[in-house]
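Being a predicted model, the structure only gives us computed values, none of them experimental. Sequence lines set the chain letters: A, B, ... in the order given, protein chains first and strands last, and positions in each chain run from 1.
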Amino acid sequence: MVDHLEGIKIRIAEAIKHTFQHDVHHADIVLQQTKKEFMGDYTLVVFPFTRLFRDKSESIAEKIGLYLKSHAELVADYNVVKGFLNLTIEHSFWINRLQLLRTIEHYGQLDAKEGKVLIEFSSPNTNKPLHLGHIRNILLGWSTSKILKSAGYDVMNSQIINDRGIAICKSMLAWQLYGNNDTPQSSDIKGDHFVGKYYIEFESRFKQEYAKWQNSEEGIRTYSKDRKSEQDEASFFKAHKNQYFNNNSQLGAKAKEMLLKWEAEDEEIRKMWMQMNGWVYDGFDQTYDALGVSFDKLYYESETYLLGKDLIAQGLTFDDFYRKDDSSVWVDLTDQGLDEKILLRSDGTSVYMTQDLGTAHKRYEDTGATKMIYVVADEQDYHFKVLFEIMKKLGAPYADGLFHLSYGMVDLPSGRMKSREGTVVDADDLIAEVIGAVRTATQERGELVDLSDDQRQEIYRKIGLSALKYFILKVNPKKRMIFNPEESVDMQGQTGPYIQNAYVRIQSIKRRIEHEAIADISQYQLLDPAEIELVKLLIDYEQQIDQAAKEYDPSGIANYAYELAKKFHKFYHDVRVIKAESTAAQAFRLMLLDMVAIVLSHSMDLLGIEMPERM
RNA sequence: GGUUCCGUAGCUCAGCUGGAUAGAGCAACUGACUUCUAAUCAGUAGGUCCCAGGUUCGAAUCCUGGCGGAAUCACCA
């Protein structure tokens, strides 16, 4: 990664050395973009120097500025406002930079870095289809993975599929009881939706059963016996639901029996389980495909849920791990401001944490990854703090490379998504809707009429997904976000389609220019402000990637891509390319547009967004 | 109650390790298409950066304490 401003910084360090006899390393000098209400390109803030140089800020700025103007060929002019030294850079600098960028083979691909990274995202349960919450997770995971690759890491995408447990047994049971041997094929329903249908079926049958029980003798007796004072009937039965499921429910008993049979590897149950999960995977694959994401390594909970016990056995030889009288195993994390945490139940069975410890270790053994990123919603912040802390106590070699990419929940304008109230936004529906909205909008505009139907569909798909993905990724991950379905299909303003439109406009210009640009670009001297703005952004790109990778935050890239598109649209409005005033100007602009298109496309690719050639 | 996260324009969001008069988009209003695609551009209006202290030449940003919202604090996953 080159620091394009290094030349200027070296001169500033030199100016300081010469004028104030102080050694400042040029890499420590921070230049910021000059605010647009002032004259200049970059600004040096000199306030920090006042004490060091025993001089007034204006005077320091003036002296450095004067030195630069006479000694630094890149600095065309300067002005001082209070403690701010604003530097105007020679136009030749921008031309040089652009030419340099154009020679870089894969601009945006940073130097290879040490260490293998494994990133886990999506990680669904197999009892129902993916929804909007998964979409945020998947987009964040995919984009972060892309960004890390671009920053030079060797990255593997992974997910752990929660394919076992009581939830899938509910779906299986309902299918067994009420399914009439239907299949996704026979009923023409996508596999994951098909299985989800039976999960809902179970829940609704269970609800009926429970309601009936509440009015039975036993139900009434339980209520009057176990209710807390001032607890009304509705809230009592709401709280009692789990207990009912475990102790009284016939459906509950059957589901639990099925789970036990599954654990005992009952042949018939395992067969049904494989069949139903197979349907779900077919469905998931379609959704992943539609979103344009893929995984390198899959883990299944059914294969990992027993892991971790060995690690805990080892842990018992360390401080802070101990066995209680009832033979349950605990770890004491109070020295880290956390609690004591159970790792093995008194009957020797494992808990969620046990499994996660084991899985992390297995992944390290499988892949050698020393950085592992978990893309999981912020409701599990505490869990991961504890997990990572235990790993440290166990002395795992990858313990310092563990990172929880915690993100906020997705709310609807009406509030939280609730499956019980049917407000969950289905992933497949959403994808179909955004593409449909684009189709309608494009047809209204009357564009693309000369293309084949297939070509048009492909463009609708790219635009629709860009609207959806950009809408989600532009928000800082750790913030809870409000997803407004209407705004998510907006195509104007700060949106994916706006950025795509910039790219499309460039392609359109290039299609209209037949000849190769042969003119000497350095003959072009009087750059338009819009052109300078573009070069400034372009030379900043790798810095943006580096930062996004350090912070595991795609929103920075999303905002950058928007800024670049915005500056381009301004350029497009202000400056002619095809009817440029000179051949040198045109050659410069074509080179500039090539770079802008490359960076727009690359940055959007980091977000998992494809560019259409027309729209 | 403990811990963590969030609080910026009517709405959705930027604001990098502290820097100039806090920025975008949407919505509202006004202009610009015989011009390289108007999914665009230019402009108007819109602010107690939750509140109060503190650190600093300088605080939306850092610290402390409040207020409001969310999550979590299971021998659930």
Within this structure, what is the [atom1]-to-[atom2] distance between [X] and [N], rounded to whole angstrom?
| X | N | atom1 | atom2 | value |
| --- | --- | --- | --- | --- |
| Asp553(A) | C5(B) | CG | C1' | 15 Å |
| Gln32(A) | U17(B) | CD | C1' | 12 Å |
| Glu447(A) | A39(B) | CD | C1' | 9 Å |
| Glu58(A) | G58(B) | CD | P | 15 Å |
| Ile557(A) | A14(B) | CD1 | C1' | 14 Å |
| Asp490(A) | C26(B) | CG | P | 8 Å |
| Tyr78(A) | A20(B) | OH | P | 22 Å |
| Tyr460(A) | A39(B) | OH | P | 15 Å |

Please determine if [X] forms a cation-pi arrangement with [Y], meaning its NZ or CZ atom is less than 6.0 Å from the six-membered ring centre and no more than 45° off the ring axis.
| X | Y | result |
| --- | --- | --- |
| Arg363(A) | Tyr299(A) | yes |
| Lys324(A) | Trp330(A) | yes |
| Lys170(A) | Phe245(A) | yes |

Notebook entry, point to check: Could you write nucleotides 67-77 of chain B as a row of B, S and -, 5' to 3', where a protein heavy atom under 4.0 Å of any base atom gives B, of only sugar-phosphate atoms gives S, and otherwise -?
Noted result: ---SSSS-BSB
Distance below 4.0 Å between [X] side-chain N/O and [N] OP1 or OP2:
| X | N | answer |
| --- | --- | --- |
| Tyr498(A) | A38(B) | no |
| Lys35(A) | A20(B) | yes |
| Lys570(A) | A24(B) | no |
| Lys36(A) | A20(B) | no |
| Lys479(A) | G7(B) | yes |
| Lys478(A) | C6(B) | yes |

Does [N] pair with anything, Watson-Crick or G-U wobble, both distances under 3.5 Å, and if so, with which nucleotide?
| N | value |
| --- | --- |
| U12(B) | A24(B) |
| G1(B) | C73(B) |
| C29(B) | G43(B) |
| A59(B) | none |
| U64(B) | A52(B) |
| U35(B) | none |
| U17(B) | none |

Check: Does a distance-only test, which skips hydrogens and angles, find a donor-acceptor pair under 3.5 Å between the side chain of Thr442(A) and the base of A39(B)?
Finding: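 Yes, the side chain and the base share a sub-3.5 Å donor-acceptor pair.
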Using atom [atom1] in both nucleotides, what's the gap between [N] and [M] to the nearest angstrom?
| N | M | atom1 | answer |
| --- | --- | --- | --- |
| U8(B) | U44(B) | C1' | 22 Å |
| A59(B) | G54(B) | P | 12 Å |
| G53(B) | A60(B) | P | 14 Å |
| G7(B) | C51(B) | P | 13 Å |
| C16(B) | C6(B) | P | 13 Å |
| A32(B) | G69(B) | C1' | 44 Å |
| U48(B) | U4(B) | C1' | 28 Å |
| A42(B) | C33(B) | C1' | 14 Å |

Margin query: Are the side chains of Trp273(A) and Met172(A) in contact, using a 4.5 Å heavy-atom criterion?
Written below: yes
Notebook entry, point to check: Less than 4.5 Å apart, any side-chain heavy atom of His134(A) and any of His131(A)?
Noted result: yes
Out of [options], whichever nucleotide has its closest atom nearest the side chain of [X]:
| X | options | answer |
| --- | --- | --- |
| Glu37(A) | G23(B), U35(B), U40(B) | G23(B) |
| Lys385(A) | A38(B), U3(B), C16(B) | U3(B) |
| Lys82(A) | A38(B), U21(B), C13(B) | U21(B) |
| Arg505(A) | C13(B), A38(B), C26(B) | A38(B) |
| Met491(A) | U17(B), G7(B), A39(B) | A39(B) |
| Asn501(A) | U40(B), C6(B), A20(B) | U40(B) |
| Val30(A) | G19(B), U17(B), A39(B) | U17(B) |

Note to self: Checking one value: the base orientation of C33(B), syn if chi is within 90 degrees of 0, otherwise anti.
What the structure shows: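 What C33(B) shows is a syn base, its glycosidic angle lying within 90° of 0.
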Geometric class of the [Y]/[X] ring pair [parallel <30°, tilted 30-60°, perpendicular >60°]:
| X | Y | answer |
| --- | --- | --- |
| Phe471(A) | Phe483(A) | perpendicular |
| Tyr572(A) | Phe568(A) | tilted |
| Phe20(A) | Phe53(A) | parallel |
| Tyr305(A) | Trp262(A) | tilted |

Cationic N near anionic O, under 4.0 Å, [X] to [Y]:
| X | Y | result |
| --- | --- | --- |
| Asp3(A) | Lys9(A) | yes |
| Asp332(A) | Lys341(A) | no |
| Lys510(A) | Asp594(A) | yes |

Answer with base, sugar-phosphate or nothing: what part of the nucleic acid does [X] contact at a heavy-atom distance below 4.0 Å?
| X | value |
| --- | --- |
| Arg51(A) | sugar-phosphate |
| Asp28(A) | nothing |
| Leu338(A) | nothing |
| Lys579(A) | nothing |
| Lys566(A) | sugar-phosphate |

Next item on the list: Indicate whether any N or O donor in one side chain lies under 3.5 Å from an N or O acceptor in the other, for Asp339(A) and Tyr382(A).
Entry: yes
Notebook entry, point to check: Do Glu120(A) and Ser158(A) have a side chain donor and acceptor closer than 3.5 Å?
Noted result: no
Check: Hey, which of these two, Gln33(A) or Ile509(A), hits RNA chain B nearer its 5' end, going by closest nucleotide?
Finding: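 Mapping each residue to its closest nucleotide by heavy atoms, the 5'-most match is Gln33(A).
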Next item on the list: Select from His569(A) and Arg511(A) the residue whose nearest nucleotide in RNA chain B is closer to the 5' end of that strand.
Entry: Arg511(A)
Item checked: RNA chain B contacts made by residues 38-48 of chain A, counting heavy atoms under 4.0 Å -> Phe38(A), Thr43(A), Val45(A), Phe47(A), Pro48(A)
